[in-house]
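Structure first, commentary second.
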Amino acid sequence: MRVLITGAQGFVGRYLVARWLDVDSRVEIVGCGRSPADTAAFTHAISASCGAMPAPLPPALCSASRDSRYRYVEADILDQERLTGLIADVRPEVIVHLASGLRDDPTDTLLRTNVIGVERLYGALAEAGHIPGRVILGSSGSVYGAVAEEALPIRETIPVAPFDMYSISKVAEEQVARMLSHRLDIATTVVRIFNIVGPGQDERHFCGAVAAAIVNIETGRQPPVLSVGPLTTTRDFIDVRDVANGLIVAALHGEGGETFNLASGREAGMQQVFDEMLALARIPGDLQIERKPGRKADMLRNVAAIDRIATHGFKPCFGLRQSLADVLEYYRRLDHGAG
């Protein structure tokens, strides 16, 4: 099977490549993205003992990036001519589209990458004259917005209600993909991914930021003080390794026109997540917790129904405590020079 993954050097993309190579000896994967090839680090930075640095790949991901069944091509999702040539060359049976703007990107970046980017991808497929067996579109659980408590857990049939420019751009991305899928007769499956956690994640996310601070305190680089905002909301956290498994399930078993939630199906309070991380910490002596004000939450409660993708064989393997422990160990390995 020939697979093309856009955004292949992103957080999810790296884990997807590694997992697919691990479970299928016959798969051949071509990854593409706008960043130069890098077999040692993610595209985002983290904090470490030496200061800010590109986030090193965990060992398993380093091995995958050097596998003979994988190659990476530098190709911006907005460069339709480049994409057309790549698709004509690879002729993938499956495309997993993960190239995406991030939540705090400027509005023009979000709209270019998420909306125009998906239009360019389908335009390249049309120009190359190649119809893949399946396109998997990586979307976001944030498209649902704030859901009434009586409607929880969130099902794929609930109308979307985006609440910021990121979620608006992801809704638009989905709509453009569906329109062009119908026009070009391309089977497209939309996968709405909920709150991701896992080793190496960007510190713009809560778990990554807290893990970095805890390890800095453990090693004495930071005073024993942790600052956190309000922890009154709940979220559905899913391990990035489970996300990789879910995307493979969608690619192999999903049908064109389907939409899947990809989540753990478990609701976790942010206070619970914070307490779990403190319980896993190795901080000698007393720790001071500073509560800082935060903006009003966009969503108070958030948990997904995952029975639709579960019918195709998906089952989360990583509990939240294990995921949090692995994020902390990632930073500890870096501190000991084993990153």
Cluster link [X] to [Y], ILVMFWY, side chain under 4.5 Å:
| X | Y | value |
| --- | --- | --- |
| Met270 | Leu287 | yes |
| Val273 | Ile283 | yes |
| Ile95 | Trp20 | no |
| Leu180 | Leu111 | yes |

Open item on the list: One pair to check against salt bridge (charged side-chain N to carboxylate O under 4.0 Å, His left out): Asp79 and Arg120. What are the steps and the verdict?
Closed with: CA-CA 7 Å; Asp79 188 344; Arg120 296 281 166 84; over 6 Å; no
Open item on the list: Treating Glu203 as the side-chain partner and Ala212 as the backbone partner, does any N or O pair qualify as donor plus acceptor under 3.5 Å?
Closed with: no
Open item on the list: Looking at His44 and Ala55, would you say the former's side chain and the latter's main chain have a donor-acceptor pair under 3.5 Å?
Closed with: no
Is there a donor in the side chain of [X] and an acceptor in the side chain of [Y], or the other way round, less than 3.5 Å apart?
| X | Y | result |
| --- | --- | --- |
| Thr157 | Arg155 | no |
| Arg19 | Asn245 | yes |
| Arg112 | Ser169 | no |

Would you say [atom1] of [X] has more than 12 non-hydrogen atoms from neighbouring residues, nucleotides or ligands within 6.0 angstrom?
| X | atom1 | result |
| --- | --- | --- |
| Asp108 | CG | yes |
| Arg34 | CZ | no |
| Glu81 | CD | no |

Within the 4.5 Å heavy-atom criterion, are [X] and [Y] side-chain neighbours or not?
| X | Y | result |
| --- | --- | --- |
| Thr233 | Arg301 | no |
| Phe163 | Met299 | yes |
| Val228 | Glu290 | no |
| Phe274 | Leu226 | yes |
| Lys170 | Ser140 | yes |
| Pro132 | Val135 | yes |
| Ile217 | Pro223 | no |
| Phe314 | Asp307 | no |

Hey, what do you get for [atom1] ([X]) to [atom2] ([Y]), rounding to the nearest 0.5 Å?
| X | Y | atom1 | atom2 | result |
| --- | --- | --- | --- | --- |
| Leu61 | Thr39 | CG | OG1 | 12.0 Å |
| Glu93 | Arg2 | CD | CZ | 4.5 Å |
| Phe260 | Ile136 | CZ | CD1 | 8.0 Å |
| Asp76 | Thr113 | CG | OG1 | 7.5 Å |
| Tyr72 | Gln9 | OH | CD | 4.0 Å |
| Ser63 | Asp22 | OG | CG | 10.5 Å |

Open item on the list: I need the single residue from Asp236, Asn195, Asp242 that forms a side-chain hydrogen bond (donor to acceptor under 3.5 Å, both in side chains) with Ser264. Which is it?
Closed with: Asp236
TODO: Could you give me the CA-CA distance, side-chain angles and deciding distance for Glu218 and Arg332, then say whether salt bridge (charged side-chain N to carboxylate O under 4.0 Å, His left out) is met?
DONE: CA-CA 9 Å; Glu218 289 177 347; Arg332 290 173 182 142; 2.6 Å; yes
Open item on the list: Is the ring pair His312/His253 parallel, tilted or perpendicular, if the boundaries are 30 and 60 degrees?
Closed with: parallel
Task: Single hit among Leu121, Leu83, Ile116 for side-chain contact (heavy atoms from CB on, under 4.5 Å) with Leu78 - done: Ile116
TODO: Determine the minimum heavy-atom distance between Val17 and Ile29, stating which atoms define it.
DONE: O-CD1, 4.0 Å
Open item on the list: Does Tyr15 form a side chain to side chain donor-acceptor pair (under 3.5 Å) with Asp239? I'd like the steps, not just the answer.
Closed with: CA-CA 11 Å; Tyr15 277 95; Asp239 193 284; over 6 Å; no
Task: Stepwise ring-ring contact (aromatic ring centres under 6.0 Å, His included) test for Phe194 and Phe237 - done: CA-CA 7 Å; Phe194 280 66; Phe237 286 96; over 10 Å; no
Task: Passing candidate, salt bridge (Lys or Arg N to Asp or Glu O under 4.0 Å) with Arg192, options Glu174, Glu173, Glu258, Glu156 - done: Glu174
